[in-house]
Asker: 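Let me begin by handing over the structure; questions about it come next.
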2 protein chains.
Amino acid sequence: MRVISKKPRRPPQSPRLQVNEALAALLNKHHPGEQLPTEPQLAQQLGVSRATLREAMRSFEERGLLVRRHGVGTFVAQPPPVIESGLEELESLDTLARRIGLETSMGEALIEEREATSDEADHLQISPGDPVLAVARVMLTDAQPVAYLVDVIPTTWLRLQDLGEAFNGSVLDMFLQRGEPALSHSRTDIVAEAADGMLARKLRLRRGDVLLKLEAQLVALDGRVVDYSLSYFVPGHFRFHVVRRVGKNNGESTLAKV
Amino acid sequence: MRVISKKPRRPPQSPRLQVNEALAALLNKHHPGEQLPTEPQLAQQLGVSRATLREAMRSFEERGLLVRRHGVGTFVAQPPPVIESGLEELESLDTLARRIGLETSMGEALIEEREATSDEADHLQISPGDPVLAVARVMLTDAQPVAYLVDVIPTTWLRLQDLGEAFNGSVLDMFLQRGEPALSHSRTDIVAEAADGMLARKLRLRRGDVLLKLEAQLVALDGRVVDYSLSYFVPGHFRFHVVRRVGKNNGESTLAKV
DNA sequence: CAGTGGTCTAGACCACACG
DNA sequence: GTGTGGTCTAGACCACTGA
C-alpha cells in the first residue's frame with residue numbers, strides 16, 4: 001500500500017490510461033459475447049485496485065463495448081459498426097476521428113467575418129447583422145468527403161486573428177483548449193435532410209441524396225450561446241447513437257410539433 | 001471503519017438513497033450558480049465516505065443539476081429551461097404525442113409471430129430462427145402517415161396472446177405498465193435513410209425520399225435485450241434533439257476489431 | 001450453495017484554479 | 001500557496017444469479 005509520502009510515482013503512465021489500453025486489448029482478443037475474467041482477477045493482473053478498474057469499465061460500458069451483469073459476469077458486447085459515437089458526450093469530430101485512429105483532413109475551407117443572418121442571430125441570441133465569425137469546411141477521409149461542417153460564432157467570443165497556426169478546424173477543440181469561455185453543453189437537433197445543390201457539390205453527391213444533419217447550439221456555463229453549428233454527414237461513414245434512459249420523472253417535450 | 005464481520009447494519013436506509021435525498025434537498029435550498037460545500041465537508045455531514053458521495057454526485061451531474069469544476073468547486077446548475085428533455089429520456093411516441101396534444105391514430109398494422117431474421121437475432125442476442133413477435137404499424141396524424149414503427153420481441157418476453165384489448169400499439173408502454181421485465185434503457189442508433197419501395201408505399205412518399213431512422217435496442221435491468229425496434233419518421237412532423245455534455249473524458253482507444 | 005458484479009469505507013496523493 | 005475536485009488503494013460486505 002502506498003502510504004508513505006515520498007514520491008516514487010509511475011514509471012509507465014497513469015493507471016487509468018494503462019487500464020483503458022489493457023481493456024481495449026482484451027476486447028480485441030475476445031469475440032462478442034465471450035465472458036471476461038472477474039473483476040478481482042483483472043484488477044490483480046493489471047496491478048490496480050478494483051475501484052480503478054471499475055471506473056474504466058464504466059466508460060467502456062457507457063460506450064456499449066462491454067456488458068456487465070450482476071451476479072453473472074462481464075461480457076464483450078457487439079462490435080461497434082463503422083465509426084461510432086455516443087452523442088451524449090460533446091466531442092469534436094476531429095477528436096473522435098483521432099481517438100478511433102481514423103485519418104481525416106480538411107478540404108475546401110472558408111473562414112470569414114461577416115454579419116449574422118436572421119436565422120443565425122436567432123440561434124445565437126444576438127441581433128441580425130451583429131458580426132460573427134463563420135468557419136465552414138469539408139471533412140475528408142481518404143480524400144473522400146464525409147461531412148460538411150459550419151460553425152458560426154459571435155465575434156465577442158472569437159475573432160479571425162484568434163485562430164493561430166494550431167487551428168485544426170475544430171472550433172469546439174479550440175474553445176476547450178483555451179478554456180475560455182467555460183463550456184457547459186450543446187443542444188443538438190437531429191434531422192434528416194436531402195442534399196441541395198451546394199451540399200451535393202461539396203460532398204460530391206447528387207442533389208436529393210440523403211444526409212444526416214446535426215444542428216447544435218453550444219452553451220457556456222453562464223448560459224450564453226457561444227456557437228451555432230450545422231453538420232451534414234454522408235451516410236455510411238459516421239454512426240451516432242444515444243442512450244435513452246427510462247425516466248425517473250420530469251417529463252417534458254422530447255420533440256416539438258412543427 | 002467497518003471491519004468487524006458482525007452485522008449491525010443500517011437503521012435508516014442505504015447510504016446511496018440517503019445521500020440522494022440530502023443532495024436533492026441541498027439543491028432546493030440553494031439558488032442556481034451558488035457554490036456547495038466541499039466534498040470532504042459534505043461527506044462528513046452526511047456520514048458517508050467521499051467515494052459514496054461522489055457516486056451520488058455523478059448522477060446529479062449527469063442529469064444536469066450540478067456542475068463540478070476541478071480546482072474550483074461544486075455549484076448548483078443553471079435553471080434548466082427544460083434541458084433534461086431530449087432523446088435521453090425513454091418514452092413511447094404515443095405518450096409523447098398525447099402529451100403535446102397531438103392527435104394520433106394507428107393505421108395499417110401487422111402483428112405476427114414468426115422466426116427471427118439473422119439481423120434481428122443479432123440485435124436481440126438470440127439465434128436466427130428463434131421465435132419472435134413482430135409488431136409493425138403506421139402512425140397517423142390527421143389521416144396522414146408520419147411514422148412507420150416496427151418492434152421485434154422474443155416470444156420469451158411477449159406472446160401474441162399477451163396483447164389485450166388495451167394494447168395501443170406501443171410495446172414500450174405495455175412493458176412499462178406491466179412492470180415485467182424491469183427496463184433499464186434503450187440504445188438508439190440515429191441514421192438518415194432513403195425510403196425504399198415498401199416504406200414509400202406505407203408512408204405515401206416517393207422512393208428515395210429522405211427519412212430519419214431510429215434503430216433501438218431496449219435493454220432490461222439485467223442487461224438482456226427485450227425489444228429491437230426500427231422507427232422511420234417523415235420529416236416535418238417530429239423534431240428530436242439531444243443534450244450533449246462536455247466530457248470529462250478518459251484516455252484511450254475505443255478502437256474495435258472488425 | 002459458490003461465484004459474480006455492486007456498494008462502501010478511510011485515507012492518501014494528484015492535478016488544477018486562483019489570488 | 002491554498003483549496004478544490006479527481007484519482008487511487010486495500011479490503012470488507014451486499015445482492016444477485018444460477019447450478
Side-chain angles (χ1 to χ4, degrees), chain A residues 1-10 12-20 23 34-61 66-77 176-182 221, chain B residues 1-10 12-20 23 34-44 46-61 66-76 181-182 184 220-224 246-251:
Chain A
M1 193 193 300
R2 164 167 49 102
V3 178
I4 300 304
S5 55
K6 273 313 237 353
K7 287 164 190 166
R9 288 301 58 207
R10 325 175 196 98
Q13 49 183 343
S14 84
R16 182 66 151 277
L17 292 181
Q18 171 201 342
V19 170
N20 278 333
L23 273 181
E34 280 188 17
Q35 183 166 7
L36 299 179
T38 70
E39 294 185 353
Q41 281 172 17
L42 262 182
Q44 189 179 12
Q45 285 177 26
L46 303 178
V48 300
S49 75
R50 200 177 146 212
T52 301
L53 171 64
R54 279 178 59 76
E55 185 63 24
M57 279 183 153
R58 180 199 311 266
S59 82
F60 276 73
E61 189 178 30
L66 260 181
V67 176
R68 289 188 285 184
R69 298 177 61 182
H70 193 173
V72 183
T74 304
F75 304 83
V76 180
L176 288 176
Q177 188 186 350
R178 192 171 78 175
E180 177 60 30
L221 277 181
Chain B
M1 194 191 299
R2 165 165 48 103
V3 178
I4 300 304
S5 55
K6 272 316 233 359
K7 286 164 191 165
R9 292 297 62 212
R10 323 181 193 94
Q13 47 183 346
S14 81
R16 183 67 152 277
L17 292 181
Q18 172 202 341
V19 170
N20 278 333
L23 273 182
E34 281 188 18
Q35 184 166 8
L36 298 180
T38 69
E39 294 185 352
Q41 280 173 17
L42 261 182
Q44 190 179 12
L46 303 178
V48 299
S49 75
R50 202 179 143 209
T52 301
L53 171 65
R54 280 179 59 76
E55 184 63 24
M57 278 183 153
R58 182 199 311 268
S59 83
F60 275 73
E61 189 178 29
L66 262 183
V67 176
R68 288 189 285 184
R69 301 181 64 180
H70 193 173
V72 182
T74 304
F75 304 83
V76 181
S184 164
L221 278 181
D222 61 14
R224 283 181 288 182
V246 174
K248 316 288 185 184
N249 46 341
N250 9 287

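By convention in this document, chain letters (A, B, ...) are assigned in the order of the sequence lines, proteins followed by strands, and residues within each chain are numbered from 1. Quick note: numbers below take in every heavy atom, side chains included, and nothing from hydrogens, waters or symmetry partners.
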Asker: Residues two or more places apart in sequence or in another chain: which of them pass side-chain hydrogen bond (donor to acceptor under 3.5 Å, both in side chains) with A:Glu34?
Answerer: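 For A:Glu34 the side-chain hydrogen bond (donor to acceptor under 3.5 Å, both in side chains) partners, ignoring immediate neighbours, are A:His31.
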Asker: CD of B:Gln18 versus P of C:dT7: gap in Å, rounded?
Answerer: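 To the nearest whole Å, that distance equals 16 Å.
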Asker: Sequence neighbours excluded, which residues qualify as side chain to side chain contact (heavy atoms under 4.5 Å, CB included) partners of B:Ala51?
Answerer: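 By the side chain to side chain contact (heavy atoms under 4.5 Å, CB included) rule, B:Ala51 matches B:Ser49.
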Asker: Is B:Glu55 salt-bridged to A:Arg58, cutoff N-O under 4.0 Å?
Answerer: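 Answer for the salt bridge query: yes.
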Asker: For the pair made of CD in A:Glu55 and C1' in C:dG5, what is the distance, rounded to whole Å?
Answerer: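 Between C1' of C:dG5 and CD of A:Glu55: 15 Å.
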Asker: Taking OP1 and OP2 of C:dG6, is either one under 4.0 Å from a side-chain nitrogen or oxygen of A:Arg54?
Answerer: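 Yes.
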Asker: Go through the structure and list residues passing side chain to side chain contact (heavy atoms under 4.5 Å, CB included) with A:Pro40, not counting sequence neighbours.
Answerer: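 By the side chain to side chain contact (heavy atoms under 4.5 Å, CB included) rule, A:Pro40 matches A:Thr38, A:Arg50.
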Asker: Without decimals, in angstroms, what is the distance between A:Phe75 CZ and C:dG5 P?
Answerer: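 So the two atoms are 8 Å apart, to the nearest Å.
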Asker: Using only modelled atom types and a 3.5 angstrom limit, is any donor from either the side chain of A:Arg58 or the base of C:dG6 paired with an acceptor on the other?
Answerer: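 No, the side chain and the base share no sub-3.5 Å donor-acceptor pair.
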Asker: Taking DNA chain D as the partner, which of residues 38-49 of chain A come within under 4.0 angstrom of it by heavy atom?
Answerer: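 Nucleic-acid contacts, sorted: A:Gly47, A:Val48, A:Ser49.
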Asker: Tell me whether the OP1 or OP2 atom of D:dG5 has a side-chain N or O from B:Thr74 closer than 4.0 Å.
Answerer: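 Yes, such a contact exists.
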Asker: To the nearest Å, give me how far apart CZ (A:Arg50) and C1' (C:dG5) are.
Answerer: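 Rounded to whole Å, this separation is 6 Å.
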Asker: For A:Glu61, which residues count as a salt bridge (charged side-chain N to carboxylate O under 4.0 Å, His left out) partner, sequence neighbours excluded?
Answerer: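 A:Glu61 satisfies salt bridge (charged side-chain N to carboxylate O under 4.0 Å, His left out) with A:Arg68 only.
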Asker: Mind calculating the distance between CG (A:Leu53) and C1' (C:dT7) to the nearest angstrom?
Answerer: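 One finds 15 Å between C1' of C:dT7 and CG of A:Leu53, rounded.
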Asker: Expressed in angstrom and rounded to an integer, what is the separation of B:His70 atom NE2 from C:dC18 atom P?
Answerer: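 The answer, rounded to whole Å, is 12 Å.
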Asker: Considering just the side-chain nitrogens and oxygens of A:Arg16, establish if one lies under 4.0 Å of OP1 or OP2 belonging to D:dT7.
Answerer: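 So the side-chain polar atoms of A:Arg16 do come within 4.0 Å of the phosphate oxygens OP1 or OP2 of D:dT7, strictly under.
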Asker: Of all residues at least two apart in sequence or in a different chain, which pass the side chain to side chain contact (heavy atoms under 4.5 Å, CB included) check with A:Gln44?
Answerer: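 Result, side chain to side chain contact (heavy atoms under 4.5 Å, CB included) vs A:Gln44: none returned.
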Asker: Whole Å only: how far is the CE atom of A:Met57 from the C1' atom of C:dG5?
Answerer: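 It works out to 9 Å between those atoms.
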Asker: Got a second to check how far A:Thr52's OG1 is from A:Leu46's CG, nearest 0.5 Å?
Answerer: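 Result: 10.5 Å between the selected atoms.
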Asker: Please tell me if A:Arg68 has a side-chain N or O lying less than 4.0 Å from either OP1 or OP2 of C:dT4.
Answerer: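 For C:dT4, OP1/OP2 do not have a side-chain N/O of A:Arg68 under 4.0 Å.
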Asker: More 5' along DNA chain D: B:Ala51 or B:Leu36, using each one's nearest nucleotide?
Answerer: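 This one resolves to B:Leu36.
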Asker: In whole angstrom, give the distance that lies between atom CG of A:Leu17 and atom P of D:dT7.
Answerer: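 In whole Å, D:dT7 P and A:Leu17 CG are 11 Å from each other.
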